[in-house]
Chemist: 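What follows is a single structure, and I will ask about it in a moment.
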Amino acid sequence: MASSRHFLHKPRLLHIFLILTILTPYAISCYTSIFGFGDSLIDTGNIVYVSRGKVPDCVIPPYGETYFHNSTGRCCDGRLIIDFIAQNLGLPFVPPYFGVRNSSGAVNLEKGVNFAVIGASTLDDSFFEERGIPNDFKHVSLRCQLNWFKDLLRSLCSTPSSCKKLLQSSLLMMDFGGNDYIRTLTAGRSVEEARSYVPLVVNTMASAINELIELEVGTIMVQATLPLGCLSYFLTYFRSTDKEEYDSCGCLSWLNKLVEYHNELLQIKLKHIRELHPHATIIYGDLYNAALPFFLSPRKFGFTKGALIACCGTGGPPYNINTSVDCGYPPTFAFDHPFLYVNWDGYHLTEAAYRLITKGLLEGRYTIPPINTSCVSTVMSAEHSNFDYVR
Ligand SMILES: *[C@@H]1O[C@H](CO)[C@@H](O)[C@H](O)[C@H]1NC(C)=O
Ligand SMILES: *[C@@H]1O[C@H](CO)[C@@H](O)[C@H](O)[C@H]1NC(C)=O
Ligand SMILES: *[C@@H]1O[C@H](CO)[C@@H](O)[C@H](O)[C@H]1NC(C)=O
Ligand SMILES: *[C@@H]1O[C@H](CO)[C@@H](O)[C@H](O)[C@H]1NC(C)=O
């Protein structure tokens, strides 16, 4: 199976290599497309189309100010991890599915599509409904995104073999988990309750991954959940006078422990899937450990404003967050030089932080197994720190 795949793809890869060397001298590509599934860590603009009846999140300034100079719906001042990976693989930014679907002109989807939507949970809406947990982000869960993908495949490739060809050389990126727990905790439920959902969340992710493997997706990179206990919004929301709740970085240990439990179970599950499907490449993208050093020693990475204070907000010290006003709405504003911050809006990291995380992923330090480095250009390795933001 594996050897015939290599045999089939070699001439094609060589062909792509030659084209890309001419068009983009800095990049070669093994992957011919990227598909995104997940939440605000992956969404490149679906939220613009999937409105929630109020001004949607992340679609107003100052979102996008650093790179796109426009708010594209990305929950960041600039590029996300999926954007950096696309650039480093010599592929275009992954277009949001609903943007493509709503556009009148023909769009080439062969290089990938993004199904991720801000706020998406792993578990279905009915799960939260049954437990009386409020859910502002309906009809965008993992199951919905899988269904959109399957719908798209029906029109994208006319035969099973053309689908297979497309998917085998694609990289599928997936980020789920955080919203299931956040939704539960901000509804006032206990951390024990949130913890009891972890096996179900991980199993739901695993069954989606199995379905994707059945569709012959070649490589799936599943992202770990970030250390939520270090994010300014949660530090503010769950602020406590009990010093025991904090670790030496000033992060909420109980919240990070919940995330660690999720990440641990996820890794066990992925290992099991790899054993069952040795022909598929299942990568664990360890965002948790890639980001943790920022909180341990922010200055070492150029984050001179510290790691726990959000760049955008109006909350004042210590975290600059007022939990009743999100970034983008008056009177919030962003401080100058977002690259000096780890936290962007309290829930999400800055482009500078995502860039460093991506570097760690592509260099193989935080990917298990490592991403095939022969697929990666040298763009990232030239960017050793975020100091080149300073002009
Ligand atoms: C996009 O299309 C969906 C239905 O396909 C529609 O409900 C929505 O209003 C459209 N959004 C925009 C911004 O055009
Ligand atoms: C900014 O993005 C909005 C949609 O989010 C789009 O309508 C507008 O044309 C964009 N502006 C520029 C200058 O690209
Ligand atoms: C947070 O924002 C709300 C709404 O603007 C305001 O009423 C409240 O005073 C603010 N709280 C703090 C602590 O600044
Ligand atoms: C990495 O990708 C290159 C190019 O497709 C391939 O020749 C090589 O065998 C791959 N290495 C591994 C370890 O998969």
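Atoms within a ligand are numbered from 1 in the order they appear, just like the ligands themselves. These numbers come from the heavy atoms of this one structure, side chains and all, not from hydrogens, waters or symmetry mates.
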Chemist: Among all the protein's heavy atoms, is there at least one whose distance to atom 7 (O) of ligand 3 comes out below 4.0 Å?
Modeler: no
Chemist: Does the protein place a non-hydrogen atom closer than 4.0 angstrom to atom 2 (O) of ligand 3?
Modeler: yes
Chemist: How about C76 and C58, are their SG atoms within less than 2.5 Å of each other?
Modeler: no
Chemist: So, are R74 and D83 salt-bridged, with charged N and O less than 4.0 Å apart?
Modeler: yes
Chemist: Decide, based on the SG atoms alone, whether C251 and C230 are under 2.5 Å apart.
Modeler: yes
Chemist: Taking atom CD of E244 as the centre, report whether more than 12 heavy atoms of other residues, nucleotides or ligands fall under 6.0 Å from it.
Modeler: no
Chemist: Compare V325, T236, T323 and give the one whose heavy atom is closest to atom 5 (O) of ligand 3.
Modeler: V325
Chemist: What atoms of ligand 3 come closer than 4.0 angstrom to any heavy atom of S324?
Modeler: 1 (C), 2 (O), 3 (C)
Chemist: So, are E110 and K165 salt-bridged, with charged N and O less than 4.0 Å apart?
Modeler: no
Chemist: Would N322 count as being in polar contact with ligand 3, using the rule that some N or O on each side must be under 3.5 angstrom apart?
Modeler: yes
Chemist: Determine whether any protein heavy atom is located less than 4.0 Å from atom 13 (C) of ligand 3.
Modeler: no
